[in-house]
Each structure stands twice: as C-alpha cells, then as structure tokens.
Amino acid sequence: YSTFPHSPTWKKEDVTYRILNYTPDMLQADVEEAIARAFQLWSSVTPLRFTRVYSGQADIMISFAAGFHGDFYSFDGPGGTLAHAYPPGNGIGGDAHFDEDENWTKFTTYSGYNLFLVAAHELGHSLGLSHSNVFGALMYPIYMATDTRDYQLHQDDIDGIQALYGPPKESPALPTKAFPPQEPTEMIPAEAPTEMSPREEPTEITPSKPPQRPDDCDPHLTFDAITTLRGETLFFKDSYVWRKSPYFSEIEHDTIFSFWPSLIAGFDAAYEVDNKDRVLFFKDDQYWAVSGYSIQSGFPKPIQNLGFPTSVRKIDAAVHDQNTKRTYFFVGKQYWSFNENTQSMERGYPRKIAADFRGIGHPVDAALQKNGYFYFFHGSNQYEVDIKKKKLIRIMKSNSWFNC
Amino acid sequence: FPVAPEKEKEDMQFAKKYLENFYDFKEEKTLFKAKDLNQMSDKIREMQSFFGLEVTGELNHKTLDMMKQPRCGIPDIRS
C-alpha cells in the first residue's frame with residue numbers, strides 16, 4: 001500500500017459525506033446503497049464513523065460529472081479513467097468524482113463498472129490511501145471485475161488504512177444519518193456488527209486458480225476454439241491460449257487474461273474477419289469483437305443478432321472463409337453460413353455438416369482455415385479438408401501445429 | 001500481436017499521456033530526441049515495475065495493454 005505525500009488523514013473519527021448528484025444509469029437508492037456499503041467497508045476496519053448529510057458542506061462530497069468538471073483533472077470519456085478522489089483536507093480534499101461517461105452498475109457485469117467497487121477504491125483515497133501495487137488489493141489502480149456479494153478488503157488495504165487510523169474500537173461503525181432525511185431512504189439492513197474476530201492468518205489473495213496448465217504435446221490435447229489473428233494462429237483451451245506466429249519458431253503459451261483481462265475464459269468459438277482486423281469470440285449465447293487487445297464497445301451481444309434462432313443457445317465452432325467471405329458456424333451436426341458482406345445468415349441453412357464437408361460426420365470443437373485448407377478439430381484429432389474438391393485430405397493430432 | 005502500422009504512432013502518443021497522468025512524466029521540448037526517449041523509457045520502467053511486468057523500458061504490447069485497462073485517475077507515482 002502507499003499513502004499520499006505527508007500522509008494526510010482526517011483528524012477526527014466522525015467524517016461526513018454528501019451525495020451531490022446521481023448517475024442516470026442506476027436507481028438513486030442503488031447509488032446510495034453502493035456508497036454506504038463502500039463506507040461500511042472502511043469503517044469496519046478503522047475507528048472511523050461516516051455520517052451522511054443532505055445539505056451544506058461535508059468532508060467528502062461525492063458527485064458524477066463528465067469531461068471537464070471544475071478541477072484540473074478532466075475525465076476522458078468512456079473507459080480509461082473511471083473516477084478520482086482527493087486525499088483528506090479542506091475544500092476539495094476528500095471529494096470523490098465519478099466519470100458520468102461510464103456506465104455505472106449495481107452488479108458486476110460486462111457492460112459497465114460496479115459503482116460499489118469503484119467507490120470503495122476512491123473512498124480509500126478520500127481517507128488518505130494512495131495506490132497499492134498488490135494485485136487483488138482494492139487500492140490497485142486498475143479496475144478488476146470482481147464479485148462483490150461478499151467483498152472483503154485485501155490484507156494490504158487493511159494494513160494501509162490501519163497504519164493511518166488504527167484498528168476499530170469495539171464494533172464496526174455503520175454509516176448513520178445526521179438529519180431526518182428529506183427523502184425517506186431505507187437504512188441499509190446490515191448484519192448486526194459482529195465482534196471483530198481476530199483475522200485468521202491472512203492468506204495471499206490470488207485470482208481463482210486457473211485449471212492446470214495443459215501440456216503442449218499431450219497427445220490427448222483438445223481445444224475449445226481456434227482463430228487466426230493478424231497472421232498468427234491462436235489456440236484456446238480453458239483459460240489458456242497458445243500463440244503460433246510465423247515470425248517466431250517457438251509456441252508462446254499464455255493466459256487469456258494476459259491479452260483480454262475482462263473477457264471470461266472458456267470460449268466456445270472464435271474467428272477472424274481479416275479484412276476488418278476483427279476477431280469475434282463466442283461464449284454461450286453471447287459474443288465479443290476485439291481488434292488486437294481492444295474489446296470493441298457495445299459488446300457482448302446476443303448471438304441471435306447474427307440470425308440464430310432462439311433455440312440455439314451456444315455454438316461449437318466458427319471459421320471464416322476468406323475466399324467466399326462466408327463464415328461457417330457449427331452447432332451439433334449442422335452448420336450455418338453467414339454472409340459477412342451483407343451481415344446476414346444465408347438462406348437454406350442449417351445444413352448437415354457431413355453433406356458439405358466430406359468426412360466430418362461429428363460435431364466440431366474448433367475450426368480453422370489455413371494455407372487454403374480447412375481444419376476441423378474434434379477431440380484430440382483434426383481433419384484437413386479441401387472444400388473445393390470436397391475431399392478429406394488427412395487426419396492428424398490436434399496439436400500437430402506445436403512441432404511436437 | 002503484430003501492431004497494425006498506423007497504430008504505432010497513436011500508441012506512442014497514448015503512452016506519453018498515460019505516463020504524464022500517472023507517472024509524473026514531463027516531456028521536455030528538447031532538441032535532443034534521444035534524451036526525451038530515455039526519460040520516457042525510465043518512466044515506462046517505473047510503470048512496468050509497479051505492475052510487476054518485465055522491466056524493459058520498451059513500450060511492448062503487455063505494457064500498452066496494461067495502460068489501456070480502465071483505472072482510477074489518481075497517479076501511481078507522484079513527485
């Protein structure tokens with residue numbers, strides 16, 4: 001953890017806060033709850049008590065604004081900087097500003113930022129903490145989409161705030177009200193404060209362990225999805241991706257997180273539309289579009305947007321044919337053909353895979369077009385097919401691309 | 001990944017602004033381009049070290065990707 005220069009703190013235990021305005025993205029009551037819960041996180045590990053006021057000057061003034069908003073740190077539109085807050089002090093000291101150009105949400109979703117999580121981080125600044133370089137700590141500078149239903153502060157956060165204010169006295173203080181509120185708002189039903197149990201030996205908080213990393217040359221290796229990307233070929237399995245590049249001889253093996261931290265691993269399918277520098281990832285009934293590392297805004301979208309009937313809840317594999325500008329989607333023993341030019345599913349589909357792809361009589365796990373051939377992966381085997389001649393060329397191990 | 005060429009310059013500008021915002025990088029308008037690039041490399045090293053990335057001083061894809069993550073607007077390092 002770290003504190004601001006000269007470690008400014010509030011020289012009192014009773015700190016007031018006021019919510020100056022609201023985001024239209026959420027119900028006012030949800031905004032108030034998120035803020036109150038964020039304060040409760042800090043009051044539960046310090047002697048501090050937070051009281052909401054409804055008028056006049058409070059120690060911590062909370063507001064939503066976009067772009068330039070009266071201080072020297074303008075916001076930057078969607079993404080990038082989400083919010084900022086000032087260390088304890090007079091005037092703007094302690095104040096927390098949230099970028100209204102973001103989509104604020106009550107829960108952790110793909111399509112927005114969880115207000116409770118961001119507010120808890122910013123209020124850490126309002127109390128005097130600066131950033132932590134401990135991955136998983138609340139005061140880590142980067143937003144980590146986390147399940148907040150039973151959110152616990154990282155030991156690093158607790159060490160930092162208690163270095164400034166010490167531990168709580170008897171029981172965690174809950175945010176209280178100073179005046180009869182103008183609008184009746186329900187006090188957040190918090191569990192009765194329990195005696196602060198001596199914390200077990202802090203376990204290092206690490207992201208949930210990804211499944212065991214598969215061995216590149218395991219003859220039983222199977223894949224979830226395969227796609228090209230800017231001349232490289234990416235093979236996906238669970239939370240891992242193998243990268244085969246024409247520029248380097250060895251195969252790089254990474255986590256999907258290291259390329260797209262906000263995408264959930266375990267893709268069902270992926271394909272590249274190379275002339276648009278765009279790769280689409282599919283998981284269950286949603287899909288995302290990325291360009292390099294950047295996830296395009298407005299995603300995820302439902303796969304029905306592509307023309308699938310609601311009866312299709314996920315797809316097994318996808319591959320784009322650069323020659324015909326058609327993308328083939330494989331579901332069970334059938335497949336669809338999608339016209340990338342007209343952005344619509346072609347008529348007369350679905351058709352049986354076996355009818356048009358000789359020798360492929362079973363569901364497809366992943367599909368790839370390379371060197372003029374199609375490669376269909378099923379379990380630990382792949383089938384090389386010349387679709388012009390409608391001929392199965394050969395059958396190989398799925399990981400034959402890894403120079404085993 | 002291979003970087004689409006027109007993006008390289010754009011990425012450099014983005015990185016400069018990021019380092020100014022969060023790592024107290026000050027681009028001095030010096031005649032000596034090399035000096036300016038060295039200062040930027042130093043700041044890239046600071047940022048890579050903060051996030052536990054391989055400290056190379058180069059704007060590689062992992063570094064750029066980390067810069068593009070949604071984050072708090074408060075600097076990580078301040079003078």
Side-chain angles (χ1 to χ4, degrees), chain A residues 2 4-5 71 73-76 78-87 96-99 102 112-113 118 121-122 124-126 129-135 138-145 229-232 234 243 245-247 254 257-262 277 279 290-295, chain B residues 1-29 39-79:
Chain A
S2 67
F4 289 94
D71 63 16
Y73 297 95
S74 297
F75 283 133
D76 54 359
T81 294
L82 306 180
H84 56 223
Y86 294 85
H97 301 162
F98 296 83
D99 186 350
E102 310 303 343
Y113 297 104
V118 177
H121 174 102
E122 296 309 329
H125 291 316
S126 303
L129 283 180
S130 189
H131 282 148
S132 165
N133 63 2
V134 172
F135 181 76
L138 175 63
M139 296 313 290
Y140 191 70
I142 288 177
Y143 175 82
M144 309 298 290
L229 191 152
R230 293 182 186 169
E232 304 191 358
L234 305 182
R243 254 180 95 180
S245 167
Y247 317 110
D254 293 281
F257 177 84
S258 65
F259 292 105
W260 302 282
S262 54
D277 186 28
V279 169
V290 303
S291 173
Y293 306 103
S294 307
I295 298 175
Chain B
F1 300 137
V3 179
E6 67 278 4
K7 277 183 60 45
E8 206 142 2
K9 187 166 179 296
E10 187 185 305
D11 287 342
M12 185 57 85
Q13 286 308 318
F14 174 86
K16 267 201 180 97
K17 185 151 176 56
Y18 183 93
L19 295 169
E20 284 167 359
N21 285 344
F22 304 116
Y23 284 82
D24 205 28
F25 171 58
K26 293 182 178 61
E27 186 180 22
E28 291 163 23
K29 298 297 176 201
Q39 281 170 341
M40 187 158 171
S41 284
D42 291 344
K43 287 300 180 182
I44 290 175
R45 280 190 197 88
E46 269 188 70
M47 179 261 179
Q48 289 168 331
S49 169
F50 184 93
F51 285 107
L53 299 169
E54 186 188 358
V55 179
T56 62
E58 285 155 27
L59 188 60
N60 57 33
H61 77 252
K62 282 195 166 63
T63 301
L64 199 62
D65 182 51
M66 191 62 89
M67 289 179 172
K68 294 189 174 177
Q69 293 308 310
R71 59 161 290 152
C72 171
I74 295 297
D76 298 335
I77 305 278
R78 65 179 46 71
S79 56

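Predicted, not measured: the structure shown is a model, and the values here were computed from it. What you see below is based on every heavy atom in this structure, not just the backbone, and it leaves out hydrogens, waters and symmetry mates. Just so we're on the same page: letters track the sequence lines, and every chain starts at 1.
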Part of F75(A) within contact of chain B (heavy atom distance under 4.5 Å): neither
Worked verdict on Y73(A) versus I74(B) for side-chain contact (heavy atoms from CB on, under 4.5 Å): CA-CA 9 Å; Y73(A) 297 95; I74(B) 295 297; over 6 Å; no
Nearest heavy-atom neighbours spanning H131(A) and P75(B): ND1-O, 3.5 Å
Contact check, side chains of Y113(A) and P70(B), non-hydrogen atoms, under 4.5 Å: yes
Closest non-hydrogen atom pair, F50(B) against N133(A): O-CB, 3.2 Å
Which portion of M67(B) sits near chain A, non-hydrogen atoms under 4.5 angstrom: neither
Partners passing side chain to side chain donor-acceptor pair (under 3.5 Å) against S2(A) (at least two apart in sequence or in another chain): none
Residues which pass side chain to side chain donor-acceptor pair (under 3.5 Å) with Y18(B), listed by chain and number, not counting sequence neighbours: R71(B)
NZ or CZ of K62(B) within 45° of F259(A) ring axis and under 6.0 Å: yes
Residues K68(B), Y293(A); criterion side-chain contact (heavy atoms from CB on, under 4.5 Å); working and verdict: CA-CA 9 Å; K68(B) 294 189 174 177; Y293(A) 306 103; over 6 Å; no
Atom group of D76(B) that falls short of 4.5 Å from chain A, counting heavy atoms: both
More than 12 heavy atoms of other groups within 6.0 Å of Q13(B) CD: yes
Interchain contact, S245(A) with chain B, by part (heavy-atom threshold 4.5 Å): neither
Selection from P78(A), G79(A), G80(A) maximising heavy-atom pairs under 4.5 Å formed with chain B: G80(A)
Inter-residue atom distance H125(A).NE2 - C72(B).SG, 0.5 Å rounding: 3.5 Å
Engaged part of E122(A) at the chain B interface, taking heavy atoms whose separation is under 4.5 Å: side chain
